[in-house]
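Not measured: the values here are computed from a predicted model. Position 1 is the first residue of the sequence; numbering continues from there. No hydrogens, no waters, no symmetry mates; every other heavy atom, side chains included, goes into these values.
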Amino acid sequence: MIEGVGLKRLKVYCDDRGYFAETLREDDPFFNGFAQSSVTLSYPGVIKAFHWHKKQDDYWYVVKGSAQVVLHDLREGSPTKGQTDVYYLGDENRSLLFIPRGVAHGYRVLGPEPVVLVYYVTAAYNPQDPDEQRIAWDDPAIGFNWQTQNK
C-alpha cells in the first residue's frame, strides 16, 4: 500500500428498509478534517485520470456503481515513491479511501451503470488558484494499463 493511504472497510447495517453506513468520522486514524464535500457522476467506460494536489487530501466514497481507482505516489522522499496501487470501490466493496496530497489519483467506471462518487477534501476549491495538477490518463511515466485483463 502506498505510504499514507488509508482504506476503511465500512460496516453496513441492513434491514428491511435499506441500509446505513458511517463513511467518515473524526476518530478515523487518517482524519485531517475537511473543508468541502462534492459529488460527481460518471458514465460507463469513462476514465477520469490523473490529477493530484499540493495542499489538500481527499476522502473518496463510491455511493453507486463500481470504480477501478488507481493511485500513483509522486511524493519526493516517500518510501513508496513511484508505486502504483489499484482499489475497487463501490457496490461490492463499501469502503472509504483516503488519498494524501502528492498522490496522483483517478478512476475508471466499471460495468454498465454510472458511478456516483462523493468526495471530501481538506481545502475548499479556489478557482483563482486551483490545487489541481493534471497528468494524462495514459502518461508513460505511470504506465498504467486501464484495459480489463481477462484471466
Side-chain angles (χ1 to χ4, degrees), residues 1-14 18-76 78 80-139 141-142 144-146 148:
M1 182 179 272
I2 291 174
E3 178 72 26
V5 171
L7 184 68
K8 175 184 175 182
R9 305 264 185 228
L10 302 185
K11 294 178 183 171
V12 180
Y13 302 94
C14 300
Y19 73 87
F20 168 82
E22 293 179 344
T23 55
L24 181 61
R25 296 174 47 99
E26 67 182 345
D27 57 356
D28 285 334
F30 47 73
F31 183 73
N32 292 333
F34 72 91
Q36 180 176 327
S37 176
S38 302
V39 63
T40 184
L41 181 141
S42 300
Y43 294 117
V46 167
I47 296 173
K48 286 190 173 180
F50 286 101
H51 75 277
W52 61 281
H53 311 286
K54 293 179 182 178
K55 303 174 192 169
Q56 76 182 39
D57 303 319
D58 286 22
Y59 306 95
W60 281 18
Y61 174 60
V62 174
V63 176
K64 182 166 177 34
S66 294
Q68 177 188 43
V69 178
V70 180
L71 307 182
H72 183 79
D73 192 353
L74 299 170
R75 300 168 297 171
E76 292 299 327
S78 169
T80 53
K81 183 179 185 334
Q83 182 173 321
T84 301
D85 287 348
V86 179
Y87 298 87
Y88 296 92
L89 304 179
D91 292 338
E92 286 80 36
N93 187 16
R94 296 280 174 209
S95 300
L96 178 77
L97 183 63
F98 172 70
I99 306 166
R101 65 196 75 185
V103 174
H105 46 284
Y107 66 94
R108 175 174 65 129
V109 178
L110 299 175
E113 300 295 324
V115 156
V116 177
L117 169 67
V118 171
Y119 59 98
Y120 308 92
V121 294
T122 56
Y125 181 75
N126 179 351
Q128 282 71 47
D129 184 23
D131 184 21
E132 297 268 337
Q133 317 305 314
R134 298 276 173 195
I135 302 171
W137 66 276
D138 60 350
D139 187 289
I142 295 175
F144 187 75
N145 180 355
W146 290 94
T148 297

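- Proximity of R75 to V103: side-chain heavy atoms (C-beta onward) are separated by under 4.5 Å at one or more points.
- Contact record, G90 with V62: CA-CG1, 3.6 Å, taken as the closest heavy-atom pair.
- For the side-chain hydrogen bond (donor to acceptor under 3.5 Å, both in side chains) test, residues two or more places apart in sequence or in another chain that qualify with D91 are R94.
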Let me see the working for K81 and E76 under side chain to side chain contact (heavy atoms under 4.5 Å, CB included), right down to the final yes or no. CA-CA 7 Å; K81 183 179 185 334; E76 292 299 327; 2.9 Å; yes
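- With sequence neighbours left out, the side-chain hydrogen bond (donor to acceptor under 3.5 Å, both in side chains) criterion links E3 to no other residue.
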Run the side chain to side chain contact (heavy atoms under 4.5 Å, CB included) check on L7 and L89 step by step: do they pass? CA-CA 10 Å; L7 184 68; L89 304 179; 4.2 Å; yes
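- With contacts defined as side-chain heavy-atom distances shorter than 4.5 Å, the pair V70/W146 qualifies.
- With sequence neighbours excluded, the residues forming a side chain to side chain contact (heavy atoms under 4.5 Å, CB included) with A124 are A35, Q36, listed by chain and number.
- Within the structure, every pair that satisfies the side chain to side chain donor-acceptor pair (under 3.5 Å) test and touches residues 108-121, not counting sequence neighbours, is listed here: Q68-R108, R108-T148.
- In this structure, E26 has no salt bridge (Lys or Arg N to Asp or Glu O under 4.0 Å) partners at least two apart in sequence or on a different chain.
- One finds the CD atom of Q56 at 13.0 Å from the CZ atom of F34 (value rounded to the nearest 0.5 Å).
- Rounding to the nearest 0.5 angstrom, the gap separating the CD1 atom in I135 from the CD1 atom in I142 is 4.5 Å.
- In this structure, the side-chain hydrogen bond (donor to acceptor under 3.5 Å, both in side chains) partners of D129, at least two apart in sequence or on a different chain, are K55.
- Between D85 and V5, every side-chain heavy-atom pair lies at or beyond the 4.5 Å cut-off.
- Here the NE2 atom belonging to H72 is positioned 11.5 Å from the CH2 atom belonging to W52, to the nearest 0.5 angstrom.
- When the salt bridge (Lys or Arg N to Asp or Glu O under 4.0 Å) test is applied to D58, no partner is found at least two apart in sequence or on another chain.
- Legend: residues meeting ring-ring contact (aromatic ring centres under 6.0 Å, His included) with H105, ordered by chain and number and at least two apart, are H51, H53, W60.
- No side-chain donor from either of N32 and T122 sits under 3.5 Å from a side-chain acceptor of the other.
- For D131, the side-chain hydrogen bond (donor to acceptor under 3.5 Å, both in side chains) criterion is met by no residue, not counting sequence neighbours.
- The side-chain heavy atoms of P114 and V109, taken from C-beta on, include no pair separated by under 4.5 Å.
- Here salt bridge (Lys or Arg N to Asp or Glu O under 4.0 Å) pairs that include residues 28-47, with residues two or more places apart or in two chains, are K8-D28.
- Here CG of D73 is found 5.0 Å from CD1 of I2. Values are rounded to the nearest 0.5 Å.
- For F98, the ring-ring contact (aromatic ring centres under 6.0 Å, His included) criterion is met by F30, Y59, not counting sequence neighbours.
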Could you pull out all donor-acceptor pairs under 3.5 Å where a side-chain atom in residues 41-50 meets a protein atom, sequence neighbours excluded?
residue : atom : partner : partner atom : Å
S42     : OG   : K48     : NZ           : 3.3
S42     : OG   : Y107    : OH           : 2.6
K48     : NZ   : T40     : OG1          : 3.0

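- Nearest heavy-atom pair, S37 versus V118, reported as atom, atom and distance to 0.1 Å: OG-CG1, 4.1 Å.
- If you take CZ on R134 and CG on D139, they are separated by 13.5 Å, rounding to the nearest 0.5 Å.
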